[in-house]
Asks: 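Provided herewith is a single structure, encoded as structure tokens, for subsequent inquiry.
Along the sequence shown, the residues carry numbers beginning at 1. All figures in this text were calculated on a predicted structure; none of them were measured in a lab.
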Amino acid sequence: MVSRVIPVDPFDLVIFGGTGDLARRKIFPGLFRRFCSGQMQEEARIIGAARSEMDDAGFREMIADAIREFGGGRACEDGTLEAFLNHVFYEQVDAMGTGGWEALKGRLRSGYVRAFYFSVGPSLFGALAERLRTFGLADDESRVVVEKPFGHDLATARALNKALAEHFDETQIYRIDHYLGKETVQNLMAVRFGNVLFEPLWNAQYVDHIQITVAETVGVGGRGEYYDKSGAMRDMVQNHLMQLLCLIAMEPPARFEPDAVRDEKLKVIRALEPVKPHHIVRGQYDADGDAPSYREDAGDTRSTTESFIAMKCHVSNWRWAGTPIYLRTGKKLRARASEIAVVFKDAPHSIFPEDAGRHRNILTIRLQPNEGMELGVTIKEPGPGGMRLLDVPLDMSFAEALGPDAEEAPDAYERLIMDVIRGNQTLFMRGDEVEAAWAWTDPIIEGWQARGEVPKPYDVGSSGPDDSLMLLHRDGRKWRDIRA
Ligand code: NAD
């Protein structure tokens, strides 16, 4: 199957923080792959802007190295990298000062889509937004892309929203959550709203519960000190897991359009009940041989920040009353695996004998690795052994269904950047959504602090603290295995 690549309009894309880790690991390799696919037109320009002193040639060398190191894509032919680099430029700019802004302005052309990617710490967002206007680089058509973390709590998120809103309209602001750029996440919407099969069953009457797991094998490593100020709740739940929860739980939007989708997601966040303290389990990974414990990584032997969290959530509305949604995410777990599992209820009555066995239908949406979906269906075990039931997967792995194209499918960043150029905000978080998510998260974190709660230790390579298993066990349920 050959996928259609529709070129985007020619653009000037300025990447503030162009020499940084994110730009080198994700943004430039992603743009290069879009170039290889033919999605970027000849006139497109990407301008890196950062503090370091460098010329175009030096920056191109840096970007070439980054693309070689972090993935160029199979489809790229010899010579393509050199062709791509001709579209790349550099300007030294001080986000907090006045240096470099006039020169950067001189790089921009009129008549093209203009976008500014803030791949810098959030403390610079306000200063950048202000200077883009003061120096006349941005107009009412320009777009700005902002990275996570979007705030540390409700107050800081509000302040960021306010700082951006002073210079840009909400329709110009693209808040990135790269989970929303994943192929499977969009497929979730296609499956839910493009088929008649699922939506009639997508409610508390037929769904027993939902599990969302984002498990990592890496620890916090060198980012320990930074991570220790946020923890799993702020770093993963408030943004990525909540976004997944919204997409799985939302009502059908009237149209697949930015505000229609985001209105429905916002309603889900607002319908989330406060989580009871005993419905949350927090953990910190232990030392593993010579490998340091979380507290050693964090550089604080008394840290109470969690590297693991599991929680039971309720969306308080007609569709989901009584159906819990369990969230779980952590570091140094058994495998790198992210999935959403919709576990349907038992058939209301079994016509088969006791020993035939019983299986539940489970729809699994895998985000990584091997993006795809799988629906567990009960059938008869083949052979003459009488009526014994068997659970078999109806599997839709994208790699199999789409053939070699699947491997070349754009990764989340490149897809989202192309959406910015197209002016499509559907897969970006709106300011009120982010604030609502913090408004739900803040009291939970404040509760831990007020009660002086300390996370439970867990073994590296495990599924988290035992209490997390108990969270479901108490409800007569079981977490799905974490496996790659
Ligand atoms: P980094 O420290 O590697 O790079 C920071 C960049 O900002 C550099 O290019 C630096 O020159 C530039 N910069 C800093 N101060 C400046 C100033 N005063 N004027 C102009 N430029 C200045 O950071 P990073 O890891 O690339 O992260 C950038 C942003 O993306 C952060 O907000 C981070 O939280 C977010 N983010 C990063 C990752 C990742 O994997 N690295 C993932 C998700 C989100």
Asks: Would you say W440 and C313 make side-chain contact, with heavy atoms under 4.5 Å?
Replies: yes

Asks: Contact between K345 and D208 at the side-chain level, heavy atoms closer than 4.5 Å - yes or no?
Replies: yes

Asks: With sequence neighbours excluded, tell me which residues meet side-chain hydrogen bond (donor to acceptor under 3.5 Å, both in side chains) with R451.
Replies: E453

Asks: Within the 3.5 Å criterion, strictly below it, is a donor on Y227 or S307 matched to an acceptor on the partner's side chain?
Replies: no

Asks: Sequence neighbours left out, cut at 3.5 Å: what donor-acceptor pairs do the side chains of residues 348-358 make with other protein atoms?
Replies:
residue : atom : partner : partner atom : Å
S350    : OG   : F352    : N            : 3.2
S350    : OG   : F352    : O            : 3.4
R358    : NH2  : A347    : O            : 2.9

Asks: Using the side-chain hydrogen bond (donor to acceptor under 3.5 Å, both in side chains) rule, pick out the option among Q368, R366, E371 that qualifies with T184.
Replies: E371

Asks: State, with a plain yes or no, whether a side-chain heavy atom of D419 is found less than 4.5 Å away from one of T426.
Replies: no

Asks: Going by atom types only, do R175 and N161 share a side-chain donor-acceptor pair under 3.5 Å?
Replies: yes

Asks: Tell me yes or no: between the side chains of R328 and Q211, is some donor less than 3.5 Å from an acceptor?
Replies: no

Asks: Please name all residues satisfying salt bridge (Lys or Arg N to Asp or Glu O under 4.0 Å) with D432, sequence neighbours left out, ordered by chain then number.
Replies: R430

Asks: Residues in side-chain hydrogen bond (donor to acceptor under 3.5 Å, both in side chains) with Q243, at least two apart?
Replies: K265, E433

Asks: Between side-chain atoms of residues 245-258 and protein atoms elsewhere (two or more places apart, or another chain), which donor-acceptor pairs fall under 3.5 Å?
Replies:
residue : atom : partner : partner atom : Å
E251    : OE1  : R319    : NE           : 3.3
E251    : OE1  : R319    : NH2          : 3.0
E251    : OE2  : R319    : NE           : 2.8
R255    : NE   : E257    : OE1          : 3.3

Asks: Between the main-chain N or O of R158 and the side-chain N or O of W438, is there a donor-acceptor pair closer than 3.5 Å?
Replies: no

Asks: Under 4.5 Å between any side-chain heavy atoms of S468 and W479, yes or no?
Replies: yes

Asks: Taking salt bridge (Lys or Arg N to Asp or Glu O under 4.0 Å) as the test, write out the residues that go with D235, two or more places apart.
Replies: K148

Asks: Considering only heavy atoms from C-beta outward, does the side chain of H314 approach that of W320 to under 4.5 Å?
Replies: no

